[in-house]
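Everything below concerns the one structure shown next.
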Amino acid sequence: MCGIAGTYLWPDGGALTDRLTKILAHRGPDGTGRYSHRAGNGEVNLGHRRLSIIDLSAAGAQPMVADGLALTYNGELYNAPELRAELEGAGVRFRGRSDTEVLLAAWRRWGTDCLPRLRGMFAFAVFDERTGELVLARDQLGIKPLFLLRRGGGLVFSSELKALAGELGGSMRLDETAMVASLLYYWVPDSRCSFREAEKLPPGTWLRLRPDGRTEQRQYFSLRDVANEGAAAARDPAAQPDLAAIVAESTRRHLLSDVPVATFLSGGLDSSYLTALAAQHQPGISAYTIGFRAEDAKFEAMPDDLRHARQVAARFGIDLHEIEIAPQVLDLLPRMTYHLDEPIGDPAAINTFLICTAAREAGVKVLLSGMGADELFAGYRKHLANLLGVRYQRLPGLVRRPVAAMVDRLPVATARRGYRSVRFAKRFLSFAELPEETAFRRSYTMYDRPELLELLNPDLAGAVDDVLTEHADTYHDNTLTDAVNRMCLADSRMFLPGLNLAYTDRASMAASTEVRVPFVDVDVVRAAFAIPGNRKIVGRKGKVALKQAASGVLPDEIVHRPKGLFSAPLRAWMSRDLAPLVREVIHDGALVNSGFLRREALEKLVAEDAAGMQDRSKHLWHILTLEYWYRGAMAAGAGESPSVVHAFPGKRETGNYEEQQ
């Protein structure tokens, strides 16, 4: 796991690559390097920061150059041993044991045809000295990031957007539509970027640049196609995959490392399953879990996940490390906003960072996470809730109207505690009577269209409609007849890469650690979409197929326990520790002063939350993260670099945020 950066046919590209690579130092504190070569009438520069995981010797250093090819690579190939054996059988001789060398040899032999054969997580750039061509590639499922900026025939790329913004901010403009999207979702979809000139290479895609300025971009892997193919298998009972064997094999592969590997262990199904499987291969493996202050957990009505994590640890002989997250962790908000690159309002990023920091301090560089299981196997409450919504619509209006009125009158919290069931009921009724795609979107996003329009500058109505249309287009872009798998596909294409994989990568790399996600594996994904929805949700139970697979490993009380939360007690934090900061942002924040957000609408959110009738804690938390991100984006453009243009309809401004106060 590393950080990569580089330039192609870019003026002063060598010096720029060095500066970009320096910004990525946290991704790879174990080594650094740069490669330069002539390309047409210009040159290519490849930079690298190394986090040594496999083959810790100099033989694994990057950029790696051999026989006219140069590679800078971020990731892990879990089928590297099999690929190495195949290449050795064809006469290839290796000088080291790194998967980087395997990837370089595979590229030399098969070119872009090697990409579908790779099983892992990766983003890389490979340069051919003979043709002068540069190719960028990203893994099938979007686990590893790759940001780029094109100008003329030239290009700059980096593992992190902050590097591009910090060095090229003078010529980059904030994308207000991406910011609108972040308000809707509390994250920026992978199809968008917070700066207009920058872009993300899509998952399962490669991009070729030639010295004459021509470019070619192709998709080599499509989740939509995998889901459509899986639908045919789902109709054939004989074609059902052995999910337990596939997950076990993926977990075994993800343990490939020359340094210690640990796990996240929340006590929920996904992390417990992976930790138990990992312990079969590495007895006494370490695991890390989080807890909260007792008063915060009580106020939030949070389940006692620690008890279950301890139970799993005791049963499988796991060395469990517990980390308490207390309000002083909120001092990390500006730092986390910087590291997350884009406005991401999920407090789970802080959890991830603290776990990874503790692991790194204990000498652990690699952790396994259960990320992805909920998206693939319908484990979120929203999946079941949307099915229940269809049934709810069949009830007569004479029944639905009194129920809605009663729930509307119930408080979500009092001064001493919150009512989790009431929050869920209000959330359910906010989308239960909507059409399928709209209901699914509303079941996990922050606002409906009227609420979002009320919050924003009126001239951004078109951006709101663009974001909503994009969601609808993505949701309907398949031929599936299975409603559960339609939701799983939408989550796997949007929610997983846009939020969960994004914050996991940035937060873990901020602590110089690597997080691996065995469920987000091409073989597991193919198996997941070959399972019909009626095996994922049965009655009122979600993720049933995965529970059946795990039942051969885990005790029933872990397999069938209610779903836990890898989140934070936001209501407690907002009503107590963060209240002064919320007031500051509403009354004199950069987003309000710029004209992007309306002060009156923010005041309404605060009042609703304070009254205890609506839970607006997540909304307000994301407003804080967006505010800090916006300040940082302006500072990057006006302070350390030339000015960023941050204009919103009806109000234009340039300059440093601090200068505007």
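Note that the coordinates shown come from a computational prediction; the quantities given were computed from them, not determined experimentally. Along the sequence shown, residues carry numbers from 1.
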I558/H308 under side chain to side chain contact (heavy atoms under 4.5 Å, CB included): CA gap, chis, key distance, verdict: CA-CA 7 Å; I558 297 298; H308 297 286; 3.9 Å; yes
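- The nearest pair of heavy atoms linking L546 to A373 is CD2-CB, 3.8 Å.
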Verdict with supporting geometry, N386 and F431, side chain to side chain contact (heavy atoms under 4.5 Å, CB included): CA-CA 8 Å; N386 275 274; F431 63 83; 4.2 Å; yes
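- Contact of the L591 side chain with the L602 side chain is not registered, since no non-hydrogen atoms from C-beta on lie closer than 4.5 Å.
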Kindly indicate, with the supporting measurements, whether the criterion salt bridge (Lys or Arg N to Asp or Glu O under 4.0 Å) is fulfilled by R442 and E451. CA-CA 12 Å; R442 192 66 189 93; E451 290 172 334; 3.2 Å; yes
Run the side chain to side chain contact (heavy atoms under 4.5 Å, CB included) check on L183 and I623 step by step: do they pass? CA-CA 8 Å; L183 278 171; I623 295 294; 3.8 Å; yes
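- Here the closest non-hydrogen pair linking A233 and A530 is CB-CB, 3.9 Å.
- The distance between the ring centers of Y444 and Y380 does not fall below 6.0 angstrom.
- Between T275 and L368, the closest side-chain pair of non-hydrogen atoms is not below 4.5 Å.
- Summarising the geometry, atom CE belonging to M446 is positioned 9.0 Å from atom CG belonging to L605; distances are rounded to the nearest 0.5 Å.
- Checked for salt-bridge contact, K604 and E454 meet the test: a charged N lies under 4.0 Å from a carboxylate O.
- For the pair L554 and L269, the minimum side-chain heavy-atom distance is below 4.5 Å.
- Separating the CG atom in L274 from the CG atom in L265 is a distance of 10.0 Å, to the nearest 0.5 Å.
- The ring of Y475 has its center closer than 6.0 angstrom to the ring center of F440.
- With values rounded to the nearest 0.5 angstrom, L626 atom CG is found 6.0 Å from F596 atom CZ.
- Ion pair E608/K426 not flagged as a salt bridge, since none of the NZ, NE, NH1 or NH2 atoms sits closer than 4.0 Å to an Asp/Glu carboxylate oxygen.
- Taking 4.0 Å as the cut-off between side-chain N and carboxylate O, R486 and E436 count as a salt-bridged pair.
- Side-chain contact annotation: S194 with D175, donor-acceptor N/O pair under 3.5 Å absent.
- Taking the side chain as every heavy atom from C-beta outward, K541 and L384 never approach each other to under 4.5 Å.
- No donor-acceptor pair closer than 3.5 Å links the side chain of S250 to the backbone N or O of D521.
- Remark: side-chain polar atoms of K547 are paired, donor with acceptor, to backbone N or O of G542 under 3.5 angstrom.
- Judged by distance alone, with hydrogens and angles left aside, the side-chain atoms of W629 form a donor-acceptor pair with the main-chain N or O of D341 at under 3.5 Å.
- For the residue pair T177 / D466, no side-chain donor-acceptor distance below 3.5 Å is found, with atom types taken as modelled.
- A salt bridge is defined here as a Lys NZ or Arg NE, NH1 or NH2 lying under 4.0 Å from an Asp or Glu carboxylate O, and D139 with K144 fails to meet this definition.
- Side-chain atoms of Y630 and L597, non-hydrogen and from C-beta on, never get closer than 4.5 Å to each other.
- The two residues L501 and L141 have their closest heavy-atom pair at CD1-O, 3.7 Å.
- When all heavy atoms of Y273 and A244 are compared, the pair lying nearest together is OH-CA, 3.7 Å.
- A donor-acceptor pair shorter than 3.5 Å cannot be found between the side chains of T352 and T504.
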Applying ring-ring contact (aromatic ring centres under 6.0 Å, His included) to F495 and Y185, what does each step give before you reach the verdict? CA-CA 9 Å; F495 192 77; Y185 297 113; 9.1 Å; no
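- The OG1 atom of T289 lies 6.5 Å from the CD1 atom of I355; values are rounded to the nearest 0.5 Å.
- Aromatic ring centres of Y186 and H619 lie farther apart than the 6.0 Å criterion allows.
- A590 approaches E627 most closely through the heavy-atom pair N-OE2, 2.6 Å.
- Inter-residue side-chain proximity for D448 and L434 is flagged as unmet; no heavy-atom pair is nearer than 4.5 Å.
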Evaluate R599 against E603 for salt bridge (Lys or Arg N to Asp or Glu O under 4.0 Å), listing each step before the verdict. CA-CA 6 Å; R599 181 177 289 111; E603 290 173 340; 5.1 Å; no
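- In the model, N457 has no side-chain atom that pairs as donor or acceptor with a side-chain atom of E176 under 3.5 Å.
- Remark: K382 fails to qualify as a cation-pi partner of F424 under the 6.0 Å distance and 45° angle criteria applied to the six-membered ring.
- Remark: the backbone N or O of R192 is paired with a side-chain donor or acceptor of K200 at under 3.5 angstrom.
- Between the side chain of R493 and the backbone N or O of L223, no donor-acceptor pair lies under 3.5 Å.
- Side-chain contact annotation: T205 with Q219, donor-acceptor N/O pair under 3.5 Å absent.
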Quick one, H383 with K536, criterion side chain to side chain contact (heavy atoms under 4.5 Å, CB included). Give me CA distance, side-chain angles, the key distance, then yes/no. CA-CA 10 Å; H383 297 134; K536 293 181 177 181; over 6 Å; no
Trace of the salt bridge (Lys or Arg N to Asp or Glu O under 4.0 Å) decision for R506 with E342: CA-CA 10 Å; R506 313 304 189 277; E342 295 189 287; 5.2 Å; no
With salt bridge (Lys or Arg N to Asp or Glu O under 4.0 Å) as the test, would you mind laying out the steps for D346 and K618 before giving the verdict? CA-CA 8 Å; D346 193 333; K618 183 177 283 188; over 6 Å; no
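- Put simply, CG on L578 and CG on L620 are 9.5 Å apart, with the number rounded to the nearest 0.5 Å.
- Shortest non-hydrogen contact noted between R138 and P203 is NH1-CD, 3.5 Å.
- A side-chain N or O of Q240 and one of R535 form a donor-acceptor pair less than 3.5 Å apart.
- Side-chain atoms of T474 and H471 form no donor-acceptor pair, as typed in the model, at a separation below 3.5 Å.
- By the 4.5 Å heavy-atom criterion applied to side chains, F377 and L243 are counted as neighbours.
- With respect to the salt-bridge test (charged N to carboxylate O, under 4.0 angstrom), the residues K543 and D270 qualify.
- Side-chain contact between L468 and E437 is absent, with no heavy atoms from C-beta onward closer than 4.5 Å.
- The CD1 atom of I531 lies 10.0 Å from the SG atom of C488; values are rounded to the nearest 0.5 Å.
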